[in-house]
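Take a look at the structure set out below.
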Amino acid sequence: VRDGNGRISYFHSDHVGDCTHAAHCDKQIGEKMVMRNRRTTIRTILLAIALLLLLAIFVYPIIIVFINSIKPVGEILGAPLSLPKTVQLSNFIQAWKITSMGKLLRNSAILTICSVSAVVVFSAMSAYWCHRHRNAVTRTFTALLMVSMLIPFASLMIPLVKITTVLHINNTLPGAIIVFAGVGLAFGFFMMQSAVKTLPRELEEAAALDGCGPVRTFFCIVFPLMKNTVFSLIAMDLFWVWNDFMIPQTLLNSTKYDTIQVGINKLFGMYASKWDIALAALVMSMIPTIIAFLLLQKQILGGVSDGATKG
């Protein structure tokens with residue numbers, strides 16, 4: 001082969017064959033990569049479509065509630081899935097007055113904040129103690145909590161009413177808070193226990209050398225390290241307590257202790273149902289939980305990712 005300067009270079013036929021084979025291999029590899037990328041793209045598109053469908057399934061009922069909350073009752077009953085022909089914002093004003101929404105929000109907020117705080121603190125303390133002190137008592141306590149999760153709440157309603165009546169805490173917010181804390185303890189215990197398992201003992205030993213007692217070590221060293229799990233538990237229990245109907249309906253008989261769900265339920269009677277007022281009240285009841293989720297979403301995702309990587 002003559003190059004540009006007139007010099008002649010000689011190549012053996014084996015070298016030419018090797019070059020041809022290498023080019024052929026590169027071509028095959030390139031084709032395989034193109035096919036793999038194409039399959040990945042198709043898979044990504046199908047996954048995105050599936051996620052959008054799931055999102056639509058979950059979001060669509062909420063959108064319907066928001067749309068119907070600004071309709072007159074005639075349009076709600078006649079065409080519940082259509083857009084409103086008449087926007088009636090007075091539904092929210094009437095819902096606030098008729099249901100005494102301020103009182104309902106206050107009772108629900110007190111019940112939710114106190115119950116969730118009790119569940120988080122007691123479940124974290126019990127999980128920490130049971131994991132760090134393995135003996136017959138802690139193992140029995142853990143087994144009893146596990147068994148309690150298998151008991152349906154409906155079977156506990158009558159005993160709960162009897163016990164709270166004997167203790168004179170029925171029809172009181174503190175009584176309902178104690179019941180919520182007891183019912184939610186088991187789930188919170190096992191969530192916190194999974195977080196405690198990842199914590200090194202050396203930090204507690206160092207704190208003990210510095211003069212920290214068990215209580216100070218827990219609240220200053222251990223509890224802050226479980227932050228992501230704590231926020232995840234707060235989010236789940238917040239939605240549970242705020243939206244719960246059974247416990248307030250069973251234990252709180254006085255109208256002055258009505259929660260949001262109980263107050264909305266009273267809008268539906270045997271002979272009449274105030275759908276326009278109820279849907280507007282339902283929208284107002286969802287706003288605090290939506291705000292709470294938006295504020296806690298980073299911590300919730302952090303807790304989920306921690307559970308996935310450490311579990």
Side-chain angles (χ1 to χ4, degrees), residues 109-151 153 156 160 163-164 167 169 172-242 244 247 292 295-296 298-311:
I110 293 172
L111 198 60
T112 301
I113 293 171
C114 295
S115 300
V116 172
S117 300
V119 170
V120 169
V121 172
F122 288 119
S123 61
M125 294 174 68
S126 57
Y128 169 72
W129 185 263
C130 289
H131 187 264
R132 289 293 190 256
H133 301 82
R134 301 294 183 92
N135 52 49
V137 175
T138 56
R139 283 194 292 269
T140 303
F141 179 76
T142 304
L144 289 175
L145 284 180
M146 186 177 296
V147 171
S148 70
M149 296 180 69
L150 305 176
I151 302 174
F153 178 74
L156 301 175
L160 278 176
I163 293 171
T164 54
L167 296 176
I169 57 174
T172 63
L173 288 178
I177 291 168
I178 292 172
V179 172
F180 271 117
V183 174
L185 178 64
F187 179 74
F189 174 86
F190 289 106
M191 274 195 70
M192 290 298 182
Q193 195 174 54
S194 64
V196 173
K197 291 178 182 178
T198 64
L199 302 179
R201 289 178 178 266
E202 290 77 11
L203 293 175
E204 300 162 41
E205 295 170 358
L209 291 175
D210 289 338
C212 289
V215 176
R216 188 177 177 186
T217 299
F218 174 78
F219 284 105
C220 296
I221 305 297
V222 176
F223 194 71
L225 293 175
M226 298 190 291
K227 179 181 66 173
N228 287 333
T229 305
V230 167
F231 277 112
S232 296
L233 182 60
I234 287 174
M236 287 185 282
D237 281 354
L238 186 148
F239 297 138
W240 163 51
V241 178
W242 183 270
D244 189 72
I247 293 178
L295 293 175
L296 296 175
K298 290 184 179 179
Q299 287 79 8
I300 295 171
L301 293 176
V304 172
S305 62
D306 280 357
T309 56
K310 295 179 183 178

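- Closest approach of I113 and S117 over heavy atoms only: O-OG, 2.7 Å.
- Contact between A186 and M149 at its shortest, heavy atoms only, is CB-CG, 3.4 Å.
- The minimum heavy-atom distance between T217 and A207, with the atom names listed, is OG1-CB, 3.9 Å.
- Taking CG from L233 and CH2 from W240, the interatomic distance works out to 10.0 Å, rounded to the nearest 0.5 Å.
- F223 pairs by the side chain to side chain contact (heavy atoms under 4.5 Å, CB included) definition with V120, A124, F218, M226, V230, not counting sequence neighbours.
- Separation of atoms CD1 (I178) and OG1 (T172) is listed at 7.5 Å; rounding is to 0.5 Å.
- Scanning all heavy atoms of the two residues, the minimum distance from H133 to T138 falls at O-OG1, 2.9 Å.
- Judged purely by atom type and a 3.5 angstrom limit, D210 has no side-chain atom pairing as donor or acceptor with the backbone of C212.
- The closest side-chain heavy-atom distance from M146 to F189 is not below 4.5 Å.
- Between atom CD1 of residue I163 and atom CD1 of residue I169 there is a gap of 9.0 Å, rounded to the nearest 0.5 Å.
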Carefully, step by step, assess F122 and M192 under the rule side-chain contact (heavy atoms from CB on, under 4.5 Å).
CA-CA 10 Å; F122 288 119; M192 290 298 182; over 6 Å; no
In sequence, state the C-alpha distance, the side-chain angles, and the governing distance for L156 and V183, and then conclude on side-chain contact (heavy atoms from CB on, under 4.5 Å).
CA-CA 10 Å; L156 301 175; V183 174; 5.6 Å; no
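- Counting heavy atoms from C-beta outward, F190 and T142 have side chains that approach closer than 4.5 Å.
- Each side chain to side chain donor-acceptor pair (under 3.5 Å) pair with one or both residues in residues 118-129, not counting sequence neighbours, appears once here: Y128-E204.
- From R132, atom CZ reaches atom CZ of R201 across 4.5 Å, with rounding to the nearest 0.5 Å.
- Taking all atoms of both residues into account, the shortest heavy-atom contact from V119 to D237 is CG1-OD2, 3.0 Å.
- Rounding to the nearest 0.5 angstrom, the gap separating the CZ atom in F231 from the CE atom in M236 is 13.5 Å.
- The closest side-chain heavy-atom distance from F153 to D244 is not below 4.5 Å.
- Expressed to the nearest 0.5 Å, how far OG of S115 lies from CD1 of I247 amounts to 8.0 Å.
- Between F180 and T112 there is no side-chain heavy-atom pair separated by less than 4.5 Å.
- The two residues K197 and H131 have their closest heavy-atom pair at CG-NE2, 3.3 Å.
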